[in-house]
Amino acid sequence: MTAQGKSGLVITAHPGDFVWRAGGAIALHARKGYRMKIACLSYGERGESQWAWKTAGVRLEDVKAQRRAEAEKAAAILGAEIEFFDAGDYPLKVTEAVLDRLVDIYREEKPAFVLTHALEDPYNFDHPVAAHAAQEARVIAQAAGHKPDPSRSYAAPPVFLFEPHQPEQCNFKPQVILNIDEVWETKFQAFQVLAAQKHLWDYYTRVALNRGVQGGRNSGRPMTYGEAYQRLFPEAVEMLA
């Protein structure tokens with residue numbers, strides 16, 4: 001089953017986030033025919049590039065260039081298009097220009113769904129800032145008076161929050177577990193691009209295996225690797241089963 005003409009939008013604070021937490025969803029939907037768009041708000045140059053800073057004399061611009069190249073390669077492996085905002089990290093600052101461009105992306109892409117960060121993260125303030133920007137842009141995109149265009153049609157997409165690094169501390173409770181078995185090797189290939197964060201490869205492999213076990217138990221179907229998501233809005237249905 002394919003979905004030609006549909007798209008998905010991922011709004012991420014840093015380059016690694018979309019790989020660790022949503023790489024399976026990106027690759028899976030790209031394989032099904034969705035056009036996947038990643039809005040990467042920063043290069044993660046200050047706080048998300050541990051190994052890049054271990055080289056003597058390295059400059060901020062060097063780290064940014066490395067992380068951009070990694071993100072571009074990882075996105076290509078996953079089958080996605082990526083747009084960079086260079087809004088800085090630690091702290092991430094969402095300017096009026098950044099927000100305005102995000103609104104335009106919503107209207108251009110008309111995504112069938114949006115993936116972004118959890119609403120809370122006491123370990124990384126950039127993540128909820130990105131989640132807030134994703135929500136605010138979604139609301140503004142619905143406003144008829146924002147860059148009025150009577151010919152424009154727009155439907156607000158569902159938003160799924162991807163799993164934070166320490167979910168228990170972020171009030172993150174999985175409501176959706178996505179089976180990513182058929183794209184796990186693709187996701188792991190994207191892991192290996194992220195040399196600046198190689199210390200996380202094994203950790204996120206274990207996360208995927210744990211969610212796979214939970215997904216199998218809850219679905220009654222075989223699942224080895226999974227990704228967990230929390231819905232931001234209720235799902236409206238005609239029947240419960």
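All heavy atoms count here, side chains included; hydrogens, waters and symmetry mates do not.
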Contact check, side chains of Lys37 and Ile105, non-hydrogen atoms, under 4.5 Å: yes

Is the shortest side-chain N to carboxylate O distance from Glu182 to Lys32 below 4.0 Å? yes

Does the side chain of Ile82 reach to within under 4.5 Å of the side chain of Cys40, using non-hydrogen atoms? yes

Is a side-chain N or O of Glu227 found less than 3.5 angstrom from the main chain of Gly23, in a donor-acceptor match? yes

Strictly by salt bridge (charged side-chain N to carboxylate O under 4.0 Å, His left out), give each pair with a member in residues 143-161 just once, sequence neighbours left out. Asp100-Lys147, Asp104-Lys147

Can you name the residues that form a side chain to side chain donor-acceptor pair (under 3.5 Å) with Arg59, not counting sequence neighbours? Asp62

Side chain to side chain donor-acceptor pair (under 3.5 Å) involving Arg68 - partner list, sequence neighbours excluded: Tyr43, Glu72

Would you call Asp121 and Phe172 a side-chain contact if the rule is heavy atoms closer than 4.5 Å? no

Would you find a donor on one side and an acceptor on the other, under 3.5 Å apart, between the side chain of Asp89 and the backbone of Gly47? yes

Just jot down the side chain to side chain donor-acceptor pair (under 3.5 Å) partners of Ser42, sequence neighbours excluded, or say none. none

How close do Val98 and Ala87 get, counting heavy atoms only, and between which atoms? CG2-CB, 4.3 Å

Walk me through it: do Thr12 and Thr116 pass the test side chain to side chain contact (heavy atoms under 4.5 Å, CB included)? CA-CA 6 Å; Thr12 179; Thr116 193; over 6 Å; no

With a 4.5 Å cut-off on side-chain heavy-atom distances among I, L, V, M, F, W and Y, is there a chain of contacts connecting Trp184 to Val176? yes

Has the side chain of Asn210 got a donor or acceptor atom that lies under 3.5 Å from a matching backbone atom of Val207? no

same_hphob_cluster(Val19, Tyr229) at 4.5 Å side-chain heavy-atom cutoff: yes

Side chain proximity check, Arg21 to Leu115, heavy atoms < 4.5 angstrom: no

Could you name each residue pair satisfying ring pair (Phe, Tyr, Trp, His ring centres under 6.0 Å) that touches residues 142-166, not counting sequence neighbours? His117-Phe162, His165-Tyr203, His165-Tyr204

Other than Ile177, what residues sit in its cluster of Ile, Leu, Val, Met, Phe, Trp and Tyr side chains whose heavy atoms are under 4.5 Å apart, directly or through others? Met223

Pair Glu81 + Arg35, salt bridge at N-O below 4.0 Å: yes

Looking at Arg101 and Glu83, is any side-chain nitrogen of the basic one under 4.0 Å from a carboxylate oxygen of the acidic one? yes

So, the side chain of Lys187 versus the backbone of Trp20: is there a donor-acceptor pair under 3.5 Å, distance only? yes

With clusters built from Ile, Leu, Val, Met, Phe, Trp and Tyr whose side-chain heavy atoms come within less than 4.5 Å, directly or transitively, what are the remaining members of the cluster of Trp53, listed by chain and number? Val58, Leu60, Val63

Smallest separation among heavy atoms of Ala27 and Thr186, with atom names: CB-CG2, 4.1 Å

Can a salt bridge be assigned to the pair Glu70 and Lys73 using a cut-off of 4.0 Å between side-chain N and carboxylate O? no

If you define the side chain from C-beta out and look only at heavy atoms, does anything of Lys6 sit under 4.5 Å from Pro111? no

Verify side-chain hydrogen bond (donor to acceptor under 3.5 Å, both in side chains) between Glu185 and Gln189, making sure each step is shown before the conclusion. CA-CA 6 Å; Glu185 292 303 325; Gln189 186 181 354; over 6 Å; no

Suppose we screen for ring pair (Phe, Tyr, Trp, His ring centres under 6.0 Å). Which residues come up paired with Phe233, at least two apart in sequence or across chains? none

Would you say the side-chain atoms of Gln175 pair up with the backbone N or O of Arg231, donor to acceptor, closer than 3.5 Å? yes

Measuring only between side-chain heavy atoms, which start at C-beta, is Leu232 closer than 4.5 Å to Leu119? yes

Side-chain donor/acceptor pairs under 3.5 Å, residues 130-143, sequence neighbours excluded:
unit_1 : atom_1 : unit_2 : atom_2 : d
Gln135 : NE2    : Ala131 : O      : 3.2
Arg138 : NE     : Pro157 : O      : 2.8
Arg138 : NH2    : Pro157 : O      : 3.1
Gln142 : NE2    : Arg138 : O      : 3.2

What about Val129 and Ile38, same hydrophobic cluster or not, with Ile/Leu/Val/Met/Phe/Trp/Tyr joined at side-chain heavy-atom distances under 4.5 Å? no

Partners passing side chain to side chain donor-acceptor pair (under 3.5 Å) against Asp181 (at least two apart in sequence or in another chain): none

For Val193, the rest of its hydrophobic cluster, which grows through side-chain links under 4.5 angstrom: Ile77

Gln214 versus Arg211, side-chain donor and acceptor atoms under 3.5 Å: yes

Identify whether Ile11 and Phe113 are in the same connected component of the hydrophobic contact network (ILVMFWY, side-chain heavy atoms under 4.5 Å). no

ILVMFWY network linking Leu92 to Phe18, side-chain heavy atoms under 4.5 angstrom: no

Side chain to side chain contact (heavy atoms under 4.5 Å, CB included) between Glu48 and Arg67: does it pass, once the steps are laid out? CA-CA 9 Å; Glu48 300 283 310; Arg67 297 313 309 277; 4.0 Å; yes

Which residues satisfy the ring pair (Phe, Tyr, Trp, His ring centres under 6.0 Å) test with Tyr106, sequence neighbours excluded? none

Decide yes or no for Ser7 and Glu109: does some side-chain heavy atom of the first lie under 4.5 Å from some side-chain heavy atom of the second? yes

Can you tell me if Gln166 uses its side chain to pair, donor with acceptor, with the backbone of Tyr123 under 3.5 Å? no

Is there a donor in the side chain of Asn124 and an acceptor in the side chain of Tyr90, or the other way round, less than 3.5 Å apart? yes

